Amino acid sequence: MKKDRSINRREFINRGARVTLGVSLAGVTALSVGDSLSKKYVWQIDPEKCTQCGRCATECVRTPSAVKCVHAYDVCGYCDLCGGYFKPGPNELETGAENQLCPTGAIQRRFIEEPYFEYIIDEELCIGCAKCVKGCASFGNGSLQLQIRHNLCLNCNECSIARVCPSDAIIRVPIDEPYMIKGMFLENGEDAG
Amino acid sequence: MMKFKGFLKILFLLVLILAGILSAGQQRFPKPEFETGYEQPTPTTPEPRSFGMEIADTIILAAVLSLVTYFIIRKRSRRGVLWTSIFTLVYFGFYRNGCICSIGAIQNVALSIFDPGYKISVTVLIFFLLPLVFALFFGRVFCAAACPLGAIQDLLVIKPVSLPVWVRKTLGIFPYIYLAMAILFAATGSDFIICRYDPFVGIFRMDAPFIMVILGICFLVLGMFFARPYCRVFCPYGVLLSWMSRFSKYHLTITPSECIQCKLCSASCPFDAIEAPVVEKYRTDQVLNRNRNRFIIFALALPLWIVAGGYIGSRAHIFLSKANPDVYLAELMIHHPELKNDPDNIDIQSFLESGDSFEQLVEKASLVRQKFKTGGWYFGGFIGLVIGVMLMNQFILRKQKDYVPNRADCFSCGRCMDYCPVEKQDRNTDNQDDEFVNGNPPGTAFKNSM
Ligand code: SF4
Ligand code: SF4
Ligand code: SF4
Ligand code: SF4
């Protein structure tokens with residue numbers, strides 16, 4: 001009889017604790033949901049905030065980095081003297097490696113018509129070092145920009161680059177609009193960020 | 001030509017200013033009008049993994065959890081659990097790269113509670129909740145075979161040694177500290193330490209900073225002898241799971257029917273999670289009285305522990321808050337003003353470029369530090385509470401007649417089930433699971449229980 005009671009008591013306590021834990025779990029859920037849930041975020045670089053510090057190349061958990069240079073053709077001036085392609089004060093405006101700013105030679109220069117040139121990024125080669133982006137931002141239209149490429153990005157719970165980005169340029173964006181490419185993303189309206 | 005270009009430039013700038021600073025305002029050169037029919041390419045935008053796939057992951061998690069529950073509670077099959085854990089390791093570990101996981105989701109939940117600007121996503125929330133709900137009903141089935149971190153360690157348990165109770169209990173405090181730290185750092189928006197110091201994620205990705213790879217390998221090697229070191233000494237999610245599991249409705253049982261006190265299972269658990277019966281002759285009035293008195297003394301000391309912990313925690317806030325980038329930067333600039341002229345200090349240079357004033361930064365930083373001060377009280381108080389309760393706990397002599405798993409520590413891996421002769425009698429001929437059983441001679445260690 002006595003034994004039964006102690007077992008009953010234990011079961012009673014257990015049930016009470018279970019209900020309490022369940023309720024607190026529900027409470028935590030409600031608190032964290034707040035008034036709305038989001039679908040899913042991915043990480044992206046806001047090109048207006050990025051200061052081309054170069055950390056994107058080294059801080060990504062992937063090697064080479066999931067960050068690549070993307071050419072926003074829409075804002076490109078197709079300049080002959082491209083600040084993103086050539087080192088400052090190049091000897092000649094031609095494609096010799098010693099003239100190129102990109103350490104991996106990832107930018108291809110193609111003549112279109114006088115006096116315009118097209119610049120294409122070879123993402124296989126690009127390491128996301130932002131050198132060209134800086135050059136383009138300083139001397140050109142800023143059409144070269146960094147973007148996290150989602151075919152490469154693992155979408156870490158906290159992007160390792162975001163933690164060290166000196167400009168807080170790496171932000172969470174909704175999964176439906178995973179890119180912030182100049183020209184394109186401005187057309188989509190400013191709320192894209 | 002050049003003149004014309006210059007004119008255009010000025011015109012364009014004017015238009016731009018008039019248009020209101022829409023873009024970066026860097027369009028120095030207008031877009032050319034091509035005559036050769038050149039078509040401007042569009043930048044590619046490779047899609048991220050779709051939301052549907054993320055939902056599929058949660059469904060797979062639910063399926064794996066249900067499967068483990070079936071294997072543990074119904075089928076009583078260690079082999080089933082083993083194969084499930086291999087699947088988990090391959091899918092959630094190596095294929096999904098161990099991200100996102102339920103352990104890390106703690107931080108997302110904490111951040112979404114404390115930062116109104118951050119909205120947690122459905123899938124992360126499900127990853128956080130599902131294992132806990134399962135634990136509330138069936139014990140830590142998540143740890144058994146649905147957690148990739150647990151799986152990789154579990155498969156490498158080779159020659160587990162048994163540790164004295166006091167060592168285990170002391171080590172058991174660390175997960176609480178880790179949990180509290182993770183919440184503190186996440187809630188203040190400073191860092192996601194669980195993700196950053198996840199020792200196995202580098203192995204899953206086959207790509208990580210060298211030091212993290214070394215750490216991961218150390219954990220695995222250690223785990224051959226001290227089974228599941230991460231789970232038992234660090235895992236913050238394990239704390240939550242253990243509390244759910246303590247009161248779980250249906251938990252794994254070692255024996256399918258009645259325990260016959262044969263002791264065969266007592267050394268089968270690589271995690272020292274099986275509790276031996278409390279020998280009745282120890283439960284003398286004298287012992288019970290002594291224990292009761294000590295329990296009362298420690299219970300009275302509990303508030304002291306909390307206050308002391310809180311005090312230490314709040315004192316540590318200056319140190320802890322350095323993990324926050326704003327605080328770090330502000331401190332750096334205050335203590336080393338000369339660095340302002342160092343062109344190589346990227347953080348400071350970027351801050352100077354950003355146009356924010358130093359006062360703004362300091363204000364932001366002191367706000368964060370204030371949060372850390374409050375948080376430090378909770379953090380320390382919580383640790384104090386945990387220590388106090390643990391001390392109290394050791395004086396509770398539970399009435400216990402059989403060999404049972406300690407529900408808090410048991411990972412529901414199912415190894416012990418194979419040791420129970422009662423089961424073997426019942427199943428009679430079915431011996432095929434023996435090859436997965438650990439080679440410890442049964443009944444060699446008498447385990448103290450609390
Ligand atoms: S770390 Fe930030 S500022 Fe530096 S290159 Fe990357 S996005 Fe730009
Ligand atoms: S300079 Fe750097 S960012 Fe630009 S294309 Fe080359 S590697 Fe990529
Ligand atoms: S989320 Fe991870 S993989 Fe993606 S860019 Fe950031 S660090 Fe690299
Ligand atoms: S204790 Fe933590 S790491 Fe270990 S299996 Fe459980 S959830 Fe995974």
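The chains referred to below are lettered A, B, ... by the order of the sequence lines, with proteins before strands, and numbering in each begins at 1. Keep in mind it's a predicted model, so treat the numbers as computed, not measured.
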Quiz item: Which residue pairs satisfy the salt bridge (Lys or Arg N to Asp or Glu O under 4.0 Å) criterion with at least one member in residues 101-119 of chain B, sequence neighbours excluded?
Solution: Asp35(A)-Lys119(B)
Quiz item: For Thr36(B), is it the side chain, the backbone, both or neither that has a heavy atom under 4.5 Å from a heavy atom of chain A?
Solution: both
Quiz item: Using 30° and 60° as the class limits, which term best fits the ring planes of Tyr119(A) and His71(A): parallel, tilted or perpendicular?
Solution: tilted
Quiz item: Looking at Asn151(A), Leu31(A), Thr51(A), Asn157(A), which one has more heavy-atom pairs under 4.5 Å with chain B than the rest?
Solution: Asn157(A)
Quiz item: Under 3.5 Å, is there a donor-acceptor pair linking the side chains of Asn155(A) and Tyr41(A)?
Solution: no
Quiz item: How about Lys364(B): does its NZ atom have over 12 heavy atoms from other parts shown lying under 6.0 Å from it?
Solution: no
Self-check item: Centroid-centroid under 6.0 Å between Tyr116(A) and Phe34(B) rings
Solution: yes
Self-check item: Cys153(A) portion near chain B, given a 4.5 angstrom heavy-atom threshold
Solution: neither
Self-check item: SB check Lys68(A) Glu123(A) (cutoff 4.0 Å)
Solution: no
Quiz item: What are the two closest non-hydrogen atoms of Cys126(A) and Ala106(A), and how far apart are they?
Solution: N-CB, 3.6 Å
Practice problem: Against chain A, label Val133(B) side chain, backbone, both or neither, depending on which of its atoms sit under 4.5 Å from a heavy atom there. | Solution: both
Quiz item: When you look at CZ of Phe12(A), are more than 12 heavy atoms from neighbouring residues, nucleotides or ligands closer to it than 6.0 Å?
Solution: no
Quiz item: Measuring heavy-atom distances to chain A, does Gln40(B) have an atom under 4.5 Å in its side chain, in its backbone, in both, or in neither?
Solution: both
Practice problem: Working to the nearest 0.5 Å, report the span between SG of Cys56(A) and CD1 of Ile127(A). | Solution: 11.5 Å
Quiz item: Looking at side-chain heavy atoms only, is the closest gap between Phe94(B) and Met206(B) below 4.5 Å?
Solution: yes
Practice problem: Determine whether Arg149(A) and Thr44(B) make a side-chain contact, defined as any pair of heavy atoms from C-beta on separated by less than 4.5 Å. | Solution: yes
Quiz item: Checking heavy atoms, do the side chain of Leu125(B), its backbone, both or neither come under 4.5 Å from chain A?
Solution: side chain
Quiz prompt | Engaged part of Arg55(A) at the chain B interface, taking heavy atoms whose separation is under 4.5 Å | solution = side chain
Quiz prompt | Contact class of Arg96(B) relative to chain A, heavy atoms under 4.5 angstrom | solution = neither
Quiz item: Which residue, Pro47(A), Cys76(A), Ser143(A), forms the side chain to side chain contact (heavy atoms under 4.5 Å, CB included) with Lys182(A)?
Solution: Pro47(A)
Self-check item: Option that, when pairs with chain A are counted at under 4.5 Å, heavy atom only, ranks first among Arg246(B), Gln349(B), Arg205(B), Gln107(B)
Solution: Arg205(B)
Exercise. Against chain B, work out which of Val42(A), Ile121(A), Thr29(A) has the most heavy-atom pairs shorter than 4.5 Å and name it.
Key: Thr29(A)
Quiz prompt | Matching residue for Tyr85(A) among Gln100(A), Arg109(A), Gln108(A) - test: side chain to side chain donor-acceptor pair (under 3.5 Å) | solution = Gln100(A)
Quiz item: Checking Glu47(B) against chain A: side chain, backbone, both or neither under 4.5 Å from a heavy atom?
Solution: both
Quiz item: Which answer fits Glu118(A), side chain, backbone, both or neither, if we ask what part of it has an atom under 4.5 Å from a heavy atom of chain B?
Solution: side chain
Quiz item: Which bit of Asp191(B) is near chain A, if near means a heavy-atom gap under 4.5 Å: side chain, backbone, both or neither?
Solution: both
Quiz item: Under a 4.5 Å heavy-atom cut-off, does chain A meet the side chain of Phe137(B), its backbone, both or neither?
Solution: neither
Exercise. Tell me, for Arg18(A) versus chain B, whether the close heavy atoms (under 4.5 Å) come from the side chain, the backbone, both or neither.
Key: both
Self-check item: Interchain contact, Val28(A) with chain B, by part (heavy-atom threshold 4.5 Å)
Solution: both
Quiz item: Which atoms of Asp207(B) come close to chain A, meaning under 4.5 Å heavy atom to heavy atom: side chain ones, backbone ones, both, or neither?
Solution: both
Practice problem: Go through Val33(A), Asp176(A), Ile120(A), Ile175(A) and name the one with the most non-hydrogen pairs under 4.5 angstrom from chain B. | Solution: Ile175(A)
Quiz prompt | Interface residue of largest heavy-atom contact number with chain A, from Leu240(B), Leu329(B), Leu129(B), Ile55(B), under 4.5 Å | solution = Leu129(B)
Self-check item: Contact origin within Val70(A) toward chain B - heavy atom pairs under 4.5 Å
Solution: side chain
Exercise. Please flag which part of Glu158(A) lies under 4.5 Å from any non-hydrogen atom of chain B: side chain, backbone, both or neither.
Key: both
